[in-house]
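To start, the structure under review is shown below, and the notes come after it.
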2 protein chains.
Amino acid sequence: MNEEIQLQDISLEKVFEKYELKFKAIADKKRLQIMNILTQKGAMCVCDLAPMMDMAQSKLSYHLKILLDANIITKETRGTWSYYELNQEELNHLLSHELCCLFKPSSS
Amino acid sequence: MNEEIQLQDISLEKVFEKYELKFKAIADKKRLQIMNILTQKGAMCVCDLAPMMDMAQSKLSYHLKILLDANIITKETRGTWSYYELNQEELNHLLSHELCCLFKPSSS
DNA sequence: TTTATAAATCAACTTTTTTTGATTTAACAA
DNA sequence: TTGTTAAATCAAAAAAAGTTGATTTATAAA
């Protein structure tokens, strides 16, 4: 096995790890529900999302962090509030056009 | 809350569960690697895939079952051998066009 | 200051997923 | 039959992910 092929394998490995992270983030029905709500409502803060999800704040923060770390959503803090929003561009790179209406804003 | 909205919520819940299953199946770097190999090689039996993946047979069967249960791959048994192949149609419904070359056969 | 609210983080616990090695099932050939 | 190979399944152990309630951090208002 020559160096070129080894380098290819190493970068492919990293590609797999990258998509593992992203697919893991969206591979949860609670997080898919969060994405669905953000699709409809746009940016939302944790305090407004928590009652809609019927979920404790710490638990919601946990799930939002996973989506944030995978770059599926973005965060903007204003004062005491943190507003989370879908990352449309990322989702377009990841999901089929058919999943658009479910998990991606209709404008995209 | 009227019945119509409740019914919508129930079916949405089922949609989320459906995609949870599918995304969980592809949310693993080993399984992504299997998909990548099947992308390049077409149908393969477990005995040929095992050495390529450097993975024990029982472990490989476990991962193949998860992909099969999510309808990401299909199985065709001929004699003692089982041949696994990517389910192109399913992947087209799921993944973006950009992930084509990585995890979907080039013909699609 | 003090108080209140929003959100992140933490540690302990629970649940789910993955790994491992052995066993079983099934098809085929000698 | 008997032996061989392919692949699925099983139970136990290990690892990873998710939940819970409490605490901490940070901003803003009284």
Side-chain angles (χ1 to χ4, degrees), chain A residues 13 16-38 41-86, chain B residues 13 16-38 41-86:
Chain A
E13 171 79 13
F16 296 147
E17 281 172 9
K18 168 184 155 186
Y19 285 109
E20 178 181 58
L21 180 78
K22 291 182 186 299
F23 287 132
K24 264 200 179 124
I26 63 175
D28 180 278
K29 64 182 179 179
K30 287 295 175 190
R31 293 195 289 269
L32 288 172
Q33 195 186 346
I34 291 170
M35 289 165 67
N36 181 250
I37 289 172
L38 294 180
K41 302 279 179 179
M44 286 194 82
C45 63
V46 182
C47 55
D48 287 343
L49 204 47
M52 288 191 73
M53 290 294 300
D54 190 25
M55 193 180 270
Q57 177 265 317
S58 70
K59 190 169 166 179
L60 182 53
S61 281
Y62 167 80
H63 286 294
L64 287 169
K65 187 173 186 340
I66 285 172
L67 290 169
L68 186 67
D69 288 347
N71 201 31
I72 302 294
I73 58 176
T74 57
K75 176 167 104 163
E76 194 198 333
T77 302
R78 289 202 291 274
T80 329
W81 291 269
S82 285
Y83 291 90
Y84 288 91
E85 194 168 2
L86 283 180
Chain B
E13 171 78 14
F16 297 148
E17 281 172 9
K18 169 183 156 186
Y19 285 110
E20 178 181 58
L21 179 79
K22 290 183 187 297
F23 287 132
K24 261 196 181 133
I26 63 175
D28 179 279
K29 63 182 179 178
K30 289 295 175 191
R31 294 194 288 268
L32 288 172
Q33 194 186 346
I34 291 170
M35 289 164 68
N36 181 250
I37 289 172
L38 294 180
K41 303 279 179 178
M44 286 195 81
C45 64
V46 181
C47 55
D48 287 343
L49 204 46
M52 288 190 73
M53 289 295 299
D54 190 26
M55 193 180 269
Q57 177 264 319
S58 71
K59 191 169 166 179
L60 182 53
S61 281
Y62 167 79
H63 286 294
L64 287 170
K65 187 173 186 339
I66 286 172
L67 289 169
L68 186 67
D69 288 347
N71 202 31
I72 302 295
I73 59 176
T74 57
K75 177 166 104 164
E76 193 198 334
T77 301
R78 290 202 290 274
T80 330
W81 290 268
S82 285
Y83 291 90
Y84 288 92
E85 195 169 2
L86 282 181

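Below, chain A is the first sequence line, B the second, and so on; all start at residue 1.
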Please tell me if the side chains of B:M53 and B:H63 come closer than 4.5 Å, counting only heavy atoms from C-beta onward.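 Side chain of B:M53 against side chain of B:H63, heavy atoms only: no contact under 4.5 Å found.
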Is there side-chain contact between B:L64 and B:L49, with at least one heavy-atom pair below 4.5 Å?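 Sidechains of B:L49 and B:L64: in contact.
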Looking only at side-chain N and O atoms, does B:K59 come under 4.0 Å of OP1 or OP2 in C:dT20?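 Affirmative; the distance criterion is met.
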Those residues of residues 69-83 of chain A lying under 4.0 Å from DNA chain D by at least one heavy atom: A:G79, A:T80
Proximity to the side chain of [X] - top-ranked nucleotide from [options]:
| X | options | answer |
| --- | --- | --- |
| B:S58 | C:dT18, C:dA7, C:dA22 | C:dA22 |
| A:Y84 | C:dA8, D:dA8, D:dG18 | C:dA8 |
| B:K24 | C:dT17, D:dA7, C:dT18 | C:dT17 |
| B:V46 | D:dA7, C:dT9, D:dT20 | D:dA7 |

Which whole-number value in Å describes the distance from [X] [atom1] to [N] [atom2]?
| X | N | atom1 | atom2 | value |
| --- | --- | --- | --- | --- |
| A:L67 | C:dA7 | CG | C1' | 16 Å |
| B:L68 | D:dT9 | CG | P | 10 Å |
| A:Y62 | D:dT20 | OH | P | 12 Å |
| B:M53 | D:dA7 | CE | C1' | 17 Å |
| B:K29 | C:dT17 | NZ | C1' | 15 Å |
| A:D28 | C:dT15 | CG | P | 16 Å |
| B:Q57 | C:dT20 | CD | C1' | 12 Å |
| A:M55 | D:dG18 | CE | P | 11 Å |

Main-chain N/O of B:E20 paired to A:R31 side chain as donor or acceptor, under 3.5 Å: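 A pair under 3.5 Å: no.
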Categorize A:L60 for me: base, sugar-phosphate, or nothing, with a 4.0 angstrom heavy-atom threshold over every strand shown.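 No contact.
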Base, sugar-phosphate, or nothing: which does B:K65 touch, judged by heavy atoms less than 4.0 Å apart?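 Here B:K65 touches the backbone only, sparing every base.
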Starting at the 5' end of DNA chain C and moving along, which residue's nearest nucleotide shows up first, B:H63 or A:D48?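 Final value for this comparison: A:D48.
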As an exercise, state the distance from NZ of B:K65 to OH of B:Y84, rounded to the nearest 0.5 Å.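 It comes to 9.0 Å.
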In this structure, CZ of A:F23 is separated from NZ of A:K18 (nearest 0.5 Å) by 10.0 Å
Would you please test B:I34 and B:L60 for side chain to side chain contact (heavy atoms under 4.5 Å, CB included) and show each step? CA-CA 9 Å; B:I34 291 170; B:L60 182 53; 3.7 Å; yes
Where do B:I72 and B:A25 come nearest, in terms of heavy atoms and distance? CG1-CB, 4.2 Å
